[in-house]
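Accompanying notes for the structure given below.
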Amino acid sequence: MPPDQLTDTPATVPERPTLDGLEQKWSEAWERDGCYRFDRSAPRERVFSIDTPPPTVSGSLHVGHVFSYTHTDAVARYQRMRGKAVFYPMGWDDNGLPTERRVQNHFGVRCDPSVPYDASFEPPAEPSEKEPVSISRPNFVELCLRLTETDERAFEDLWRGLGLSVDWSMTYTTIGAGAQRISQRSFLGLLERGEAYQLEAPTLWDVDFQTAVAQAELEDRERPGAMNRVRFRLADGDGDGADGDSALIETTRPELIPACVALLAHPDDERQRGLVGKQVLTPLFGTRVPVLTHPLVDPEKGTGLVMVCTFGDLTDVVWWRELGLPVRSVLGADGRLAEVPWGAAGWESVDLERARRDYEELQGRTVNQARKRILELLEQANDIVGEPTPVTRAVKFFEKGERPVEIVTSRQWFLRTMSHREKLLQRGRELSWHPPYMRARYEDWVNGLTGDWCVSRQRFFGVPFPLWYRLDASGAVLYDEPIAAREEQLPVDPSTDVPDGYSTEQRGVPGGFVGDPDVMDTWATSSLTPQIAGGSAGSAGTGSTAGEDQELFAKVFPMDVRPQAHDIIRTWLFSTILRSQLDHDALPWKNAAISGWVLDPDRKKMSKSKGNVVTPMHLLEEYGADAVRYWAASGRPGTDTAFDAQQMKVGRRLAVKLLNASKFALADLSPEGESLTSPLDRAMIARLAAVVADATVSFDGYDYARALERVEVFFWWYCDYYLELVKGRRYDAGESQDARLGAASVSRALRRSLSVFQRLLAPFLPFVTEEVWSWWQQGSVHRASWPDAAELLSALGGVEVDSAASEDEALAIAADVLKEVRKAKSEARRPMRAPVARVVVHDSATRLAALALGVEDLRLAGSIEAVETTEADEFAVEVELAEEPAEG
RNA sequence: GGGCGCGUAGCUCAGUGGGAGAGCGCUCGCUUCACACGCGAGAGGUCGCAGGUUCGAAACCCGCCGCGCCCACCA
């Protein structure tokens with residue numbers, strides 16, 4: 001709609017405009033009118049599609065959610081006003097460990113897959129954390145679904161309160177039937193193409209959750225430890241009996257000595273040359289291990305000799321693999337030292353009895369307990385050299401875990417990533433990053449990958465692998481020949497569904513079958529959000545069987561933008577690019593818009609454990625949604641922002657200002673004129689056009705914060721200077737032909753500029769802009785067209801460059817003089833309306849000539865009797881206030 | 001150890017080669033005909049430090065210091 005048609009509707013402006021109640025009033029109206037409904041009939045080039053971050057619904061509501069989702073919404077609203085059909089669904093990430101943990105605590109249950117399903121199960125009325133009820137996997141999943149439904153409502157309430165312009169008819173969940181089907185289908189495709197494979201291998205393992213975890217889910221935490229110097233003696237016949245007949249290593253993990261398979265030195269380390277190639281005996285256990293070399297060993301560290309165990313850390317895995325070392329594994333899946341077969345192959349000892357006796361002391365203990373005990377044993381055996389040195393070291397934890405991850409050998413599913421690294425780096429360069437420097441994090445991550453992606457988890461609430469395995473005559477599982485589900489069957493749960501050609505009775509019996517017991521990593525499903533949202537939106541919930549929608553998918557994929565925060569570049573962003581590459585040989589989106597974090601006022605990351613998390617609901621109530629959005633939108637892309645309620649007050653002020661400025665501009669004081677005749681009006685419109693151009697460029701580059709800042713600064717200037725300068729001319733109408741024209745011009749300029757401001761602010765302050773728009777316009781401001789700078793300028797008619805420049809100068813000098821007049825009144829402690837007898841303006845000839853264009857406006861605005869001018873090099877103003885009226 | 005970002009007023013931050021700025025906070029004033037949820041004015045800065053390029057540097061280059069984040073083969 002061109003602005004010229006926007007002024008036809010008579011304004012109905014409230015006597016006392018207010019922000020109260022706008023959220024409810026307008027969110028109901030938007031829902032009723034389907035204001036944000038995606039237009040499926042739009043051609044692809046008119047579609048703007050957003051790959052929404054599905055929030056983890058089991059996490060607590062956090063002001064950080066408000067922050068980044070507001071950024072996305074501002075962009076969505078801008079694109080909609082640019083005429084795009086905006087595809088803006090909302091997803092809920094409900095599968096995975098956080099939900100499991102919450103369900104366990106909330107209902108007082110534990111999942112036990114061996115328990116049969118009980119259709120009539122109800123959780124205990126008074127949940128007991130100490131003695132949880134064991135329930136079947138299907139029952140457990142039902143409870144997960146029940147709880148996430150409540151969580152999802154809380155999130156939806158928040159999003160609606162915040163005014164997100166989401167199409168609520170298109171929601172999805174990551175545990176829903178659609179997501180499961182897409183996830184399973186993708187997996188089967190990868191399996192067929194050899195991109196997914198199964199392997200029994202050392203795997204990162206969380207001992208509390210007892211599941212494999214991925215490299216991407218690790219984080220470092222500083223933990224105190226102690227460095228111990230331990231003696232390994234040379235094996236019989238390898239020494240000459242002299243004092244040097246031992247090898248010293250340093251370790252923080254002495255409990256892994258029974259799992260030691262070699263000692264290593266750097267190939268160039270002269271000090272160790274005499275030992276290399278010999279055999280040493282592990283202390284206490286008397287196991288023969290070789291002394292070898294490897295270039296990764298750092299001769300500067302410790303004694304220059306390092307103990308390789310299966311497995312203490314990821315480097316051990318590298319050494320074990322590259323040097324072809326045997327496995328001697330002591331750590332069980334539960335994080336305790338397991339029983340080991342002393343004397344069997346690989347567990348030989350020069351003193352078996354002693355090895356058994358000493359290991360007896362460790363077996364069954366946790367890592368920490370075993371560490372303490374083995375140090376005592378080593379001390380007794382005189383195999384510790386010197387005192388332990390306290391050290392602080394970074395230890396790898398599963399990000400949701402409570403104890404360090406261990407490396408445990410187990411059978412897992414992997415997706416190939418290492419072989420695609422070059423392609424993934426190339427995709428990263430094809431993607432437009434906002435801000436651009438965020439690409440470095442992606443490249444760092446891809447370059448630092450150490451292995452393929454382990455996607456299987458030994459958990460319950462997730463997408464199962466759509467696979468079964470045959471059992472041989474002895475009941476052993478034949479892992480090498482999985483039976484895949486047919487595509488039409490998906491989604492399947494192999495723990496209850498039965499593969500073709502088998503019957504239920506054959507489950508778990510020799511010659512029969514078993515289902516794959518694992519579920520997929522939550523990122524294995526979240527990495528498919530473009531496909532899930534674009535293919536099955538609207539089929540939320542597990543009950544739905546709605547199919548994928550190829551027509552829709554073709555319209556929205558690849559998506560235009562992935563908005564997300566920088567902390568999950570290595571997980572969500574990376575894995576989505578990987579899956580899109582593997583399944584579609586394409587980038588999943590054209591742009592990545594990266595948000596920062598919300599920090600607490602002390603600039604610390606907000607986290608539950610620190611207790612500094614701010615929840616958002618009360619902020620919306622206290623300051624209003626527009627005010628909270630204003631604060632959020634002030635946070636620049638990629639930049640962390642300290643939480644600051646003060647900024648919300650500023651946002652509220654802006655919203656109130658817009659109410660009042662709109663009321664003023666729409667007051668029907670004089671009939672509208674046909675054209676903008678007054679120089680100051682024309683100059684203001686020209687400046688506004690420049691602001692529109694700036695905001696448009698900023699938004700096109702996803703810099704909503706810059707757009708807001710430019711608009712806001714100009715809007716306040718407009719209220720403080722322009723409105724004050726033209727106010728008098730507007731009220732003074734009717735005296736002469738000139739006055740009538742002048743009043744008509746200002747009336748015209750006010751409406752034109754107001755329409756632009758309301759639209760410029762609409763992406764940020766959707767509620768108040770909709771309110772003021774409704775006073776005089778048809779339809780929603782959020783479906784109005786984004787203002788156009790060229791169109792605004794064309795309304796000025798054909799303007800010569802020189803005359804435009806002098807008009808702008810007129811506005812500038814009028815505002816400068818007005819400021820000086822105000823200053824004089826303020827210093828004299830007189831009201832702003834106090835009359836001024838005479839003003840003398842000193843300035844250059846050019847500026848003084850320009851002043852003549854706006855001098856009448858200036859006189860009225862400052863209540864000035866006479867304005868005189870004197871040519872001068874420097875700008876200066878003399879102000880003579882009129883005599884103060886006598887009291888009484 | 002490597003990478004990225006940041007360092008400007010008490011606080012939060014804008015400022016891509018030519019006047020050091022905004023908001024908040026603080027002080028003072030003004031019941032003003034859109035707005036007291038308001039308006040006007042004022043005080044307040046060695047632009048982290050040091051060097052270089054330039055007629056001219058808060059900005060560009062080099063080095064250093066500090067803070068934050070990401071990554072690392074953390075013994």
Side-chain angles (χ1 to χ4, degrees), chain A residues 13 16-19 219-220 222-223 225 227-228 249-253 256 263-264 294-298 301-309 312-319 391-396 435 437-450 566-567 569-570 596-597 599 601 603-605 631 634-636 638-647 649-650 652-667 705-706 709-710 712-713 716-717 719-720 723-724 727-728 731 750 818-834 863:
Chain A
V13 181
R16 286 195 63 81
T18 172
L19 298 179
E219 65 183 27
D220 285 348
E222 294 285 330
R223 285 292 179 272
M227 189 67 77
N228 306 282
I249 59 110
E250 287 198 342
T251 182
T252 56
R253 301 208 58 183
L256 292 178
L263 301 188
L264 298 183
H294 193 278
L296 280 186
V297 177
D298 182 352
K301 277 190 181 149
T303 61
L305 263 189
V306 59
M307 161 176 89
V308 184
C309 303
D313 59 30
L314 288 171
T315 323
D316 282 343
V317 179
V318 174
W319 285 326
V391 290
T392 304
R393 47 192 213 113
V395 184
K396 295 231 178 283
Y437 62 79
M438 283 295 175
R439 174 186 291 125
R441 300 207 182 190
Y442 173 80
E443 297 202 342
D444 279 0
W445 177 253
V446 175
N447 285 322
L449 286 170
T450 58
H566 52 59
D567 55 330
I569 287 175
R570 65 175 184 168
W597 278 336
L599 308 175
R603 302 205 69 79
K604 295 275 181 292
K605 187 185 174 185
W631 160 75
S634 305
R636 304 185 92 77
T639 306
D640 296 345
T641 298
F643 176 77
D644 186 3
Q646 206 52 249
Q647 280 300 107
K649 290 187 186 164
V650 175
R652 193 176 169 85
R653 245 162 48 91
L654 178 62
V656 169
K657 198 73 177 174
L658 183 62
L659 283 178
N660 289 310
S662 298
K663 180 184 165 191
F664 172 73
L666 293 174
R706 184 186 161 95
E709 194 230 349
R710 296 305 148 118
E712 185 199 7
V713 165
W716 280 108
W717 177 89
C719 290
D720 293 344
L723 291 186
E724 293 300 328
K727 204 183 253 181
Y731 287 121
L750 285 176
L818 180 60
K819 185 174 172 71
E820 292 301 316
V821 171
R822 283 169 173 172
K823 183 174 173 175
K825 290 178 180 176
S826 204
E827 280 169 355
R829 306 194 160 193
R830 303 284 305 278
M832 286 301 125
R833 289 180 68 200
S863 313

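Throughout, a chain's letter reflects where its sequence line sits, starting with A, and its residues are numbered from 1.
Checking B/A41 for Watson-Crick or G-U wobble geometry (two distances, each under 3.5 Å) identifies B/U27 as its partner. B/G1 is paired with B/C71 under the criterion used here, namely a Watson-Crick or G-U wobble arrangement in which both key atom distances are under 3.5 Å. B/A36 is unpaired under the criterion used here, namely a Watson-Crick or G-U wobble arrangement in which both key atom distances are under 3.5 Å. In this structure B/G7 sits in a base pair with B/C65, meeting the Watson-Crick or G-U test at under 3.5 Å.
Among the nucleotides B/G5, B/C30, B/C73, the one closest to the side chain of A/Pro831 is B/C30. Ranking B/U12, B/C35, B/C30 by closeness to the A/Asn660 side chain, first place goes to B/C35. Checking B/C39, B/A41, B/A75 against the side-chain heavy atoms of A/Trp716 singles out B/C39 as nearest. The nucleotide whose nearest atom lies closest to any side-chain atom of A/Arg829 is, among B/A75, B/G15, B/G29, B/G29.
Taking only side-chain nitrogens and oxygens, A/Arg706 never comes nearer than 4.0 Å to OP1 or OP2 of B/A14. Note on A/Lys819: every side-chain N or O is 4.0 Å or more away from OP1 and OP2 of B/G40.
If you measure from atom NZ of A/Lys825 to atom P of B/C39, you get 17 Å, rounded to the nearest angstrom.
At the heavy-atom level, A/Lys663 lies under 4.0 Å from the strands shown only through sugar-phosphate atoms. Among the protein residues, A/Met227 comes within range of the sugar-phosphate backbone only, with heavy atoms under 4.0 Å from sugar or phosphate atoms but none that close to a base. Residue A/Val318 is classed as having no contact, given no heavy-atom separation below 4.0 Å to the nucleic acid.
For the pair A/Arg706 and A/Glu709, the salt-bridge criterion is not met [side-chain N within less than 4.0 Å of a carboxylate O].
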